[in-house]
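In each ligand, atom 1 is the first atom listed, and ligand 1 is the first ligand listed.
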Amino acid sequence: MLKGFKVIPDYLSASAQAELVIELRRIVAQAPFYRPVMPKSGRAFSVEMTNSGPLGWMSDKAGYRYQATHPVTGEPWPAIPEPVLAAWDELTGYRAPPECCLINLYRGEKARMGQHRDADEEDFDAPVLSLSLGDTATFRLGSTTRGGPTKSVTLHSGTALILGGEARMAYHGISRVMTGTSRLLSGGGRLNLTLRRVTKPSNTTP
Ligand SMILES: O=C(O)CCC(=O)C(=O)O
Ligand SMILES: [Mn+2]
């Protein structure tokens, strides 16, 4: 297993998960889910996405990038919820806050995410933190090169996962979501929050 890969089952209690869903509903009311498309091919993603934080990750025919506004509404992304920022501080100990909280919605049998690396950031020193809510999923961790064997990890609602150190640039994806395994989300499905520092924090000397 790559150093810096960490899974923390039950990181969020049942009540913390329920409170977070309320916060996320507020975010989605302001910044609705939309279905991104792949660069060049324009093929639709099987997941829907939105973001919170100063920068949102997005994909369209022009490519992958971060931007400060929602691609459909043109509005700035809503702020990252306080408990999510607290989880970042507690679990990563990183010296600067995350700038992006990507919110992925997996709904239906076909929703998954192919193997990829999170590589659109300037700052690879900061780990990536993910929080899972709702239906159970199978996460696949590969190595830092494409292809080769993968190890599967089950992510239940409330699980936190960290890609730091050697694992920061590891290939990973979601091969399967077990629909109907959780009743946390009223419409069913799975939500994943992926927190990333995008820009390099400035070096402030105390
Ligand atoms: O849904 C997940 O657990 C992983 C999401 C992910 O890897 C990403 O959005 O970059
Ligand atoms: Mn990823």
Within the protein, flag every N or O under 3.5 Å from an N or O of ligand 1, and note the pair and distance.
unit_1   : atom_1 : unit_2 : atom_2 : d
ligand 1 : 1 (O)  : Y106   : OH     : 2.5
ligand 1 : 1 (O)  : R190   : NH1    : 2.9
ligand 1 : 1 (O)  : N192   : OD1    : 3.4
ligand 1 : 3 (O)  : R190   : NH1    : 3.4
ligand 1 : 3 (O)  : R190   : NH2    : 2.9
ligand 1 : 3 (O)  : N192   : ND2    : 3.1
ligand 1 : 7 (O)  : H116   : NE2    : 3.2
ligand 1 : 7 (O)  : H172   : NE2    : 3.0
ligand 1 : 9 (O)  : N104   : ND2    : 2.9
ligand 1 : 10 (O) : H116   : NE2    : 3.1
ligand 1 : 10 (O) : D118   : OD1    : 3.2
ligand 1 : 10 (O) : R196   : NH2    : 2.9

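Counting only residues at least two apart or in different chains, ring-ring contact (aromatic ring centres under 6.0 Å, His included) contacts with residues 118-138 are absent.
Taking the ring centre of Y106 as origin, the terminal cationic atom of R190 falls inside the region bounded by 6.0 Å and 45° from the ring axis.
Remark: R65 engages D60 in a salt bridge, criterion side-chain N to carboxylate O under 4.0 Å. Between K200 and E121 there is no salt bridge, since no side-chain nitrogen of the basic residue lies less than 4.0 Å from a carboxylate oxygen of the acidic one.
Ring-plane geometry between H172 and F139 is classed as parallel, the angle between the planes falling under 30 degrees on a 0 to 90 degree scale with a further cut at 60.
Of the possible polar contacts, none joining the E166 side chain to the G4 backbone as a donor-acceptor pair under 3.5 Å is found. Between the W77 side chain and the Q67 main chain, a donor and an acceptor come within less than 3.5 Å of each other.
With side-chain heavy atoms closer than 4.5 Å counting as contact, directly or through intermediates, L2 stands alone and belongs to no larger hydrophobic cluster.
Around the Mn ion (ligand 2), the protein N, O or S atoms closer than 2.8 Å are H116 NE2, D118 OD1, H172 NE2, listed by chain and residue number.
Atom OG1 of T69 sits about 10.5 Å away from atom CG of N51, to the nearest 0.5 Å.
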